[in-house]
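To start, the structure under review is shown below, and the notes come after it.
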Amino acid sequence: MDVMTHSSTFLLPGNDHSSSVTYALVVLNQRLPRFTPILWDHAQVRVCADGGANRVFDEMPLLFPRDDALDVRHRYKPDIIKGDMDSIRTEVLDFYTNLGTKVVDESHDQDTTDLHKCVAYIRDFAPNLDKSNLCILVAGALGGRFDHEAGNINVLYRFSTTRIILLSDDCLIYLLPRTHCHEIHIQSSVEGPHCGLIPIGMTSVSTTTTGLQWDLTNTEMRFGDLVSTSNLVQGEKITVQSSSDLLWTISIKKV
Ligand SMILES: Nc1ncnc2c1ncn2[C@@H]1O[C@H](COP(=O)(O)OP(=O)(O)OP(=O)(O)O)[C@@H](O)[C@H]1O
Ligand SMILES: Cc1ncc(C[n+]2csc(CCO)c2C)c(N)n1
């Protein structure tokens, strides 16, 4: 079975020229995580999901209190605003349209979420993007309305062959497909130690891990019985192998 490696280097400032990953950023309509500018700088394409554009407009300047708000808004200009356009304010839409941001109104589709629309766009259409090792970072995906959180998690399953990482100020979540053995390299300056492995939708018949305080050894997990929450990472490397897709979650440090 092939090994899939994971590393949250996108939380670290600076350009990692050795990385072969192409990052894309989606900003949702939730309070911006404080490290959003770092994600922005790593990304080669920045997409706002509908009201996510209001967050960039309103909150990016708050992350740079010493800078002029207009300068900050020019520095952090989304490439695309996409969604059903029922949450973006007119002044925000006008501001970014004038700066050349592409706006795609998909209000005709009321069956998929704005995040779904943004991920589909990045995966299928975004021009000039090397998609051979694409990783989509989603800012503001957790905390807040539970129906939105569940919808965001569902996007991980609907696009299970695309690397997608849901982020909030407090934690990140991604899917570990059962098709691979997983090696998770912990960036201990910015993440951990609290973590979890969560089977959603079905019983996970057998999971084996190394590197956790409470490792699993051919262990069954399911809702209504055992799920691994409040676990702790012990070293710099975690391995996970499972008969089912699992969600991996790890806390993000306040630093
Ligand atoms: N409180 C929240 N928690 C988590 N994700 C959110 C939250 N609010 C919005 N989002 C995400 O941001 C995206 C854009 O938000 P927006 O408010 O524009 O959505 P919406 O489709 O108008 O939602 P609704 O009409 O249900 O309020 C949503 O599709 C969702 O993925
Ligand atoms: C069974 C079912 N439940 C809810 C919705 C509503 N809905 C789901 S995604 C979306 C777009 C949000 O921007 C809306 C309105 C639906 N269509 N079908």
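Ligands are counted one by one from 1 in listed order, and the atoms in each one are counted from 1 as well. No experiment lies behind these values; they were computed from the predicted model shown. Every heavy atom of this structure was used, including side-chain atoms; hydrogens, water molecules and symmetry mates were not.
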Before signing off on this row, confirm whether [X] and ligand 1 have an N or O atom pair separated by under 3.5 Å.
X: Gly51; answer: yes
X: Asp50; answer: yes
X: Gly143; answer: yes

Would you mind checking which non-hydrogen protein atom is closest to [atom], with the distance to 0.1 Å?
atom: atom 5 (N) of ligand 1; result: Asn152 ND2, 3.1 Å
atom: atom 2 (C) of ligand 1; result: Gln30 CG, 3.3 Å
atom: atom 19 (O) of ligand 1; result: Asp114 OD2, 3.4 Å
atom: atom 26 (O) of ligand 1; result: Arg145 NH2, 3.0 Å
atom: atom 16 (P) of ligand 1; result: Ser87 OG, 3.5 Å
atom: atom 17 (O) of ligand 1; result: Asn29 ND2, 2.9 Å
atom: atom 30 (C) of ligand 1; result: His148 CD2, 3.6 Å

**Complete:** Within the 4.0 Å heavy-atom cut-off around ligand 2, the contacting residues, ordered by chain and number, are Asp84, Gln110, Asp111, Thr112, Thr113, Asp114

**Prompt:** Hey, quick one: are Val27 and Val104 part of the same hydrophobic cluster, counting side-chain heavy atoms closer than 4.5 Å, chains of contacts allowed?
**Reply:** no

**Asked** Of the options Leu137, Leu172, Ile153, which is the one that meets Leu166 in a side chain to side chain contact (heavy atoms under 4.5 Å, CB included)?
**Response** Ile153

**Asked** Is Lys253 atom NZ crowded by more than 12 heavy atoms from other residues, nucleotides or ligands, each under 6.0 Å away?
**Response** yes

Under 3.5 Å side-chain donor-acceptor pair for [X] and [Y]:
X: Glu106; Y: His108; result: no
X: Thr217; Y: Thr208; result: no
X: Ser228; Y: Asn231; result: yes

**Item:** ring pair (Phe, Tyr, Trp, His ring centres under 6.0 Å) contacts touching residues 121-172 (sequence neighbours left out)
**Value:** His116-Phe159

**Request:** Using a 4.5 Å cut-off on heavy atoms from C-beta on, say whether the side chain of Glu220 contacts that of Ser204.
**Result:** no

**Asked** Should side-chain heavy atoms under 4.5 Å link Ile, Leu, Val, Met, Phe, Trp and Tyr, which residues sit in the same cluster as Val3?
**Response** none

Counting each atom of ligand 1 from 1 as listed, which ones have a heavy atom of [X] under 4.0 Å away?
X: Gly140; value: 4 (C), 5 (N)
X: Gly144; value: 1 (N)
X: Ala49; value: 14 (C)

**Item:** Lys254 bridged to Asp169 by N-O distance under 4.0 Å
**Value:** no

**Asked** Quick one: do Arg75 and Asp67 make a salt bridge, cutoff under 4.0 Å?
**Response** yes

**Prompt:** With under 30° as parallel and over 60° as perpendicular, where do the rings of Tyr76 and Trp40 fit, or are they tilted in between?
**Reply:** perpendicular

**Message:** Once you measure the plane-to-plane angle for Tyr174 and His6, does it fall in the parallel (<30°), tilted (30-60°) or perpendicular (>60°) bin?
**Reply:** parallel

**Message:** Please work out, at 4.0 Å between heavy atoms, whether the side chain, the backbone, both, or neither of Asp147 comes within that distance of ligand 1.
**Reply:** neither

**Prompt:** Given that the side chain starts at C-beta and the backbone is N, CA, C, O, which of these parts of Asp86 lies under 4.0 Å from ligand 1, counting heavy atoms, or is it both or neither?
**Reply:** side chain

**Request:** Look at ligand 1 and say whether Ala141 reaches it with a heavy atom at a distance under 4.0 Å.
**Result:** yes

**Item:** Contact check, Gly151 vs ligand 1, heavy-atom distance below 4.0 Å
**Value:** no

**Request:** List in chain and number order the residues that pass side-chain contact (heavy atoms from CB on, under 4.5 Å) with Glu91, two or more places apart in sequence or in another chain; answer none if no residue qualifies.
**Result:** Phe57, Arg89

